[in-house]
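Right, one structure below, let's go through it.
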Amino acid sequence: MLAFTPDAVRALGADDVAMRLESLVCATATHLPTTDEEVWRYSRIGELDLDDFVPGRSVTTVEAPEGIVTTEAANDHSNDHSNDHSNDHSDDPADVFQLLNTAFADAIVIRVPAGRIIVEPVVVTHTIGTAAHTRSAVFPRLVLEAGADSEVTVVEQFVSPDGDRSLVVPHLEVHAAQGSRVKYLGVNLLSTTTWSLGHQRAIGERDSTTLLATVALGGDYARVRTEVRLTGQGATTRQIALYFADGTQMHDFRTLQDHAAPKTNSDLLFKGAVQDHARSVYTGLIKVRENAKGSVAFQTNRNLTLSNGAWAESVPNLEIETNEVKCSHASTVGPIDEDQRFYLESRGIPPEVAERLVVLGFFDEVLQQLPVGPLATELRARVAAKLHNRVAALQSSPA
Amino acid sequence: MSTLCIQGLQASVGGKQILHGIDLTVSSGEVHVVMGPNGAGKTTLSSVVMGKPGYKVLAGSVTLDDIDVLALPAWQRAQAGLHLVMQYPSEVGGVSLDHVMQEALIARGRSIDGLDQLLGDEAVRIGLSPELLHRSLNVDFSGGEKKRNETLQLAVLEPRIAILDELDSGLDIDALRDCARRVEDLTNERGMGALVITHYNRLLEELHPDAIHILVKGRIVASGGPELADQLERDGYAAFSPS
């Protein structure tokens, strides 16, 4: 962590430098996690050496209506509920990446006033790795505060140029106040050489509705830890993801649905595919606390392995501390269904087209639920292009 | 004029021989019905002719005119003019019938101009709710809807020879009549040849077969005209055993 120095923090010019330095001290005293820790099991964390990186910044654009977005080098901790979260409820102390994010973050804060409905989606785009010849570590932080009975949709995109070997450590905090409707979509379009270690946390208060969606197509090793906590009666959350890794990419998801109030509802649908020598990991936990009677929680993870050399792992878990709840989880890992393939081929459809239809059909369930329709069409085309690459590779290699 | 010619076909699945030498010839416009009890090899016959993975041909030949069918993968057999109406059509989530028909026509180098109109007209004709054309294929379809959907595809893809594997299973009497009449019309109007595989003779009330073949234990044990179905109805499969 040679380059992550107090001087580097001071150079950001933030006005909360004391707090940042404190966080840096903690980070420097914290070891990198290892795969011995359950939450990092199966990960590629062992390949990471922070000495290879220097602190950097992304080029970030924001499209939003007047008055709801502030970009601050400073984290505004008076309104940042992440502190409540980690102090009161999180079972894990902040890891080194959260601490570094706190120390080095460029924060974007979106505050939607109570009762306000934002019709057009807010679009945040981070371009990473623009500084040539250095391997930078960048720490985007997005704080989304939806006031009572407000409504907002936010899209956050991550892109980097081909060959970029940066490390991006995004952090998302969502706070959905009573009765608010929040939709978030994170899109990973990073180069297949960029690393990403993301963390998303959302709190849903009484009768709020929160959608956290992720589409991961890029990255070398790209991990998202996504956690929702339902703290108010009648809160509803939905987490969905589409991920598709090829080449030697690895996608890694850790999910938590934490029910901490009565009559709360959570649903999760993660669908992924791996091809070539790519890998993916899904591990998810539904936690229903003692006071969360009458809650309903579902968790579904489905994975397609499209090549013999590809590998996917799926580990769903339930931890239920009360009665009177309705919970279920389902998980599958396997190749394309042979009957589906034969059905389409028996209509005269060539194998590569049949495969494209089945895979796009498999992802359709997630694409349909993405909060931004036009973007879903573009993402669908990107999935098709990934499939096409594989078919082209198969056809050019000797049988 | 096309002819599907099956000669001396022997095949196994999972190491067990199911077909012990099948000879059948179906030409354009003809309806041949293969009847047999459970386990006779009916589905194996249709699967092997269409090229479903998992079946092994041990001996014999299948040709469509001058095409060696057994040398082709399933999709090329379909493009050559064979079609299989499945007993249990697969569910394909997120993929709609209109999309599948579009890709199937494109793969054949045929135009998709007017496809939507054609699908709409054929849906009405076969009694399939047109909204199902745009829904996930066979997902949450009733038995009748699945078979109407299968039958509809015959009118769009216009195969030279269609193999209908237990079209009558899972069908109520109205759907059975609609599907059977549509097949009958296609044989008359467009010269489609049909190899109809079934357990029961209720399908024969609507279809008018040119020939009936009794399949027992992987062999055709009797062939004849429609009267053979009456004899089967009277005496049962027990009266037909391999020689």
Side-chain angles (χ1 to χ4, degrees), chain A residues 215 240-242 244 269-273 300-304 306 308 330 332 334-370 373 376-377 379-381 383-384 387-388 391 394-395 399, chain B residues 46-55 69 72-110 134-139 146 149-150 152-154 156-160 162-163 165:
Chain A
V215 174
I240 59 175
L242 179 167
F244 186 3
L269 175 67
F270 274 44
K271 293 185 113 174
T300 304
N301 174 234
R302 303 206 182 278
N303 298 278
L304 283 178
L306 299 175
N308 287 332
T332 53
I336 286 181
D337 183 84
E338 279 305 319
D339 288 339
Q340 292 185 345
R341 186 197 294 274
F342 177 65
Y343 185 85
L344 295 174
E345 291 183 14
S346 73
R347 316 289 115 168
I349 293 175
E352 66 274 15
V353 179
E355 186 164 297
R356 172 165 55 80
L357 288 176
V358 171
V359 175
L360 288 174
F362 169 78
F363 282 135
D364 195 58
E365 191 180 4
V366 176
L367 288 167
Q368 294 271 354
Q369 297 179 47
L370 294 183
T377 306
L379 293 170
R380 191 181 161 86
V383 171
L387 282 168
H388 181 77
V391 170
L394 285 177
Q395 286 171 346
Chain B
S46 64
S47 299
V48 168
V49 173
M50 200 63 216
K52 184 170 184 177
Y55 295 85
V69 168
L72 301 177
W75 63 280
Q76 289 179 346
R77 297 183 194 196
Q79 294 199 355
L82 279 180
H83 188 96
L84 174 61
V85 169
M86 293 192 190
Q87 179 178 9
Y88 304 112
S90 301
E91 297 183 358
V92 193
V95 181
S96 60
L97 178 66
D98 54 351
H99 197 176
V100 170
M101 290 296 98
Q102 190 179 326
E103 294 288 358
L105 291 178
I106 290 170
R108 286 165 171 79
R110 282 167 56 183
H134 315 296
R135 285 240 305 266
S136 286
L137 197 60
N138 294 316
V139 177
K146 285 181 182 170
N149 169 15
E150 288 288 285
L152 185 156
Q153 294 177 36
L154 294 172
V156 176
L157 299 177
E158 299 185 295
R160 292 198 259 175
I163 304 160
D165 187 13

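To find a chain, count down the sequence lines: A is the first, B the second, and so on, and within it residues start at 1.
- A donor-acceptor contact shorter than 3.5 Å is absent between the side chain of A/E345 and the backbone of B/W75.
- For the atom pair B/R108 CZ and A/I349 CD1, the distance stands at 8.0 Å (nearest 0.5 Å).
- Proximity to chain A (any heavy atom under 4.5 Å) is shown, for B/Q76, by neither the backbone nor the side chain.
- For B/R77, no part sits under 4.5 Å from any heavy atom of chain A, backbone or side chain.
- The two residues A/Y343 and B/S90 come nearest to each other via the heavy atoms CD1-N, 3.7 Å.
- Neither the backbone nor the side chain of B/Q102 comes within contact range of chain A; no heavy atom of the residue lies under 4.5 Å from a heavy atom of that chain.
- With a threshold of 4.5 angstrom between heavy atoms, B/L157 approaches chain A through side-chain atoms but not through N, CA, C or O.
- Taking the side chain as every heavy atom from C-beta outward, A/D339 and B/Y88 never approach each other to under 4.5 Å.
- Residue contact with chain A, scored on non-hydrogen atoms closer than 4.5 Å, involves the side chain of B/L137 exclusively.
- Interface remark: A/E365 contributes no atoms to any contact with chain B (heavy atom separation under 4.5 Å).
- Among the candidates B/M101, B/H99, B/E91, B/M86, the residue making the largest number of heavy-atom pairs closer than 4.5 Å to chain A is B/M86.
- For B/H83 against A/S346, the heavy-atom pair with the smallest separation is ND1-O, 4.4 Å.
- Considering CD of A/E338 and NZ of B/K52, their distance stands at 9.5 Å, rounded to 0.5 Å.
- Between chain A and the residues B/A104, B/P73, B/A107, the largest count of heavy-atom pairs under 4.5 Å involves B/A104.
- Within the 4.5 Å cutoff, the side chain of B/V95 has no heavy atoms near those of the A/V358 side chain.
- Contact of B/P89 with chain A is made through backbone and side chain together, with heavy-atom distances under 4.5 Å.
- Chain A forms more heavy-atom pairs under 4.5 Å with one residue of B/A78, B/G54, B/A80, B/P159 than with any other, namely B/A78.
- A/R341 has its side chain out of reach of B/P53: every pair of non-hydrogen atoms, C-beta onward, lies at least 4.5 Å apart.
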